[in-house]
Amino acid sequence: MKLTIVEYPDKRLKEKSKSVVKFDQELHRLLDAMYETMVGSNGIGLAAIQVGHAKRALILNIPDEDDEQSIDTLIEMINPVITQTSGVTTYQEGCLSVPSFYEDIDRYESITVNYQDRDGNTKRIEAYGLLSIAIQHEIDHLEGVLFIDKLSYSRRKKFEKEYKRVQKEKKLSKS
Ligand code: Y12
Ligand code: CO
């Protein structure tokens with residue numbers, strides 16, 4: 001089932017998500033619906049709060065070397081914790097909750113993450129490149145942080161002005 005994506009400036013995106021304690025059918029249904037929603041919106045990452053569920057769960061589907069995305073490249077992370085970081089990298093990020101906007105954001109170049117899978121099994125991953133950036137972006141969502149929160153004061157002001165303008169245009173084109 002495709003879910004509705006919560007869009008900025010909805011206050012739910014500021015919420016801190018709660019740890020998952022039950023690895024049951026309800027969680028599996030949510031993860032399945034998140035996958036359908038992400039793929040149906042051309043996304044490569046989605047956190048549960050982006051579909052209105054304040055649970056520490058996220059999914060990622062980074063395209064492979066042939067730029068292909070499939071269920072085989074899907075990663076589901078429950079209760080993720082970054083345990084090691086190194087280096088700095090900059091990438092022009094986008095977010096399904098902030099449609100049509102892309103901004104250069106600094107992140108750690110590589111990270112190690114401990115997490116659980118949908119059945120509660122403990123996992124560890126060492127991530128580099130786009131996967132590392134995407135994990136950090138999605139873990140920020142679990143803390144109620146958006147990539148636009150990392151902009152300088154002047155870039156944020158510019159963004160707010162432009163975002164309001166685009167929202168207004170979208171509203172007008174629908175009416
Ligand atoms: C690097 C940086 C950030 C992430 C987080 C995951 N971000 C996304 O999945 C963003 C997807 C996105 C999709 C859009 O829609 C289309 O391209 C059709 C989009 O464009 C509009 O909203 C018009 C913007 C963002 C992962 C890795
Ligand atoms: Co996002």
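These numbers were taken from a predicted model, which means no experiment stands behind them. Each ligand, and each atom within it, is numbered from 1 in the order the structure gives.
- Ring geometry, Phe159 versus Phe101: the interplanar angle exceeds 60°, so the pair is classed perpendicular (tilted spans 30 to 60°).
- With a 4.0 Å heavy-atom cut-off, ligand 1 is reached by the side chain of Tyr102 but not by its N, CA, C or O.
- Here is the list of ligand 1 atoms found below 4.0 Å of a heavy atom in Tyr91: 1 (C).
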What verdict does the side chain to side chain donor-acceptor pair (under 3.5 Å) test give for Ser132 and Ser110, after you've listed the backbone C-alpha separation in whole Å, the side-chain angles of each residue and the deciding distance to 0.1 Å? CA-CA 6 Å; Ser132 166; Ser110 61; over 6 Å; no
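- Residue Leu96 places no N or O, backbone or side chain, under 3.5 Å from any N or O of ligand 1.
- Interface of Leu130 with ligand 1, defined as ligand atoms under 4.0 Å from a residue heavy atom, comprises 1 (C), 27 (C).
- With a heavy-atom cut-off of 4.0 Å, Glu138 touches ligand 1 through its side chain alone.
- Residue Pro99 has at least one heavy-atom neighbour below 4.0 Å for each of these atoms of ligand 1: 22 (O).
- Sparse packing is recorded around NZ of Lys157, with 12 or fewer heavy atoms of other residues, nucleotides or ligands lying under 6.0 Å away.
- Polar contact check, Gly94 against ligand 1: a nitrogen or oxygen pair lies under 3.5 Å apart.
- The atom of His141 nearest to the Co ion (ligand 2) is NE2, with the search restricted to N, O or S atoms.
- For atom 22 (O) of ligand 1, the closest non-hydrogen atom on the protein side is Ser100 N, 3.1 Å.
- Paired with Gln116 under the rule side chain to side chain donor-acceptor pair (under 3.5 Å), one option of Thr122, Asn121, Asn79 passes, and it is Asn79.
- Hydrophobic clustering (ILVMFWY, side-chain heavy atoms < 4.5 Å, transitive): Val145 and Tyr108 are in distinct clusters.
- Considering backbone and side-chain N/O of Glu93, none are found under 3.5 Å from N/O of ligand 1.
- The closest approach between a heavy atom of Phe101 and any atom of ligand 1 is not below 4.0 Å.
- Residue Ala134 has at least one heavy-atom neighbour below 4.0 Å for each of these atoms of ligand 1: 26 (C), 27 (C).
- A salt bridge links Arg107 and Asp140; the closest N-O separation between the charged side-chain nitrogens and carboxylate oxygens is under 4.0 Å.
- Around atom CD of Glu160, more than 12 heavy atoms belonging to other residues, nucleotides or ligands sit under 6.0 Å away.
- When each atom of ligand 1 is checked for a heavy atom of Gly45 under 4.0 Å away, the hits are 6 (C), 9 (O).
- Comparing Val98, Ile133, Asn61, Ile44 by heavy-atom distance to atom 9 (O) of ligand 1, the nearest is Ile44.
- Under the 4.5 Å side-chain heavy-atom criterion for Ile, Leu, Val, Met, Phe, Trp and Tyr, Tyr128 and Ile75 are members of distinct hydrophobic clusters.
- Taking any N or O of His137, backbone or side chain, none lies under 3.5 Å from an N or O belonging to ligand 1.
- Under a 4.0 Å heavy-atom criterion, Gln92 is not in contact with ligand 1.
- The Co ion (ligand 2) lies at the vertex of an angle of 120° between the SG atom of Cys95 and the NE2 atom of His137 (rounded to 10°).
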Applying side chain to side chain donor-acceptor pair (under 3.5 Å) to Asn61 and Thr73, what does each step give before you reach the verdict? CA-CA 6 Å; Asn61 202 348; Thr73 45; 2.6 Å; yes
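- When each atom of ligand 1 is checked for a heavy atom of Ser41 under 4.0 Å away, the hits are 13 (C), 15 (O).
- Those atoms of ligand 1 that come under 4.0 Å of a heavy atom in Asn42, given as number and element, are 13 (C), 16 (C), 18 (C).
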Go through the steps for Lys14 and Asp149 under the test salt bridge (Lys or Arg N to Asp or Glu O under 4.0 Å), then give the verdict. CA-CA 10 Å; Lys14 301 292 300 170; Asp149 296 329; 3.7 Å; yes
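- Gln25 CD: 12 or fewer foreign heavy atoms inside a 6.0 Å radius.
- Both Ile105 and Tyr163 belong to a common hydrophobic cluster when Ile, Leu, Val, Met, Phe, Trp and Tyr are linked at side-chain heavy-atom distances under 4.5 angstrom.
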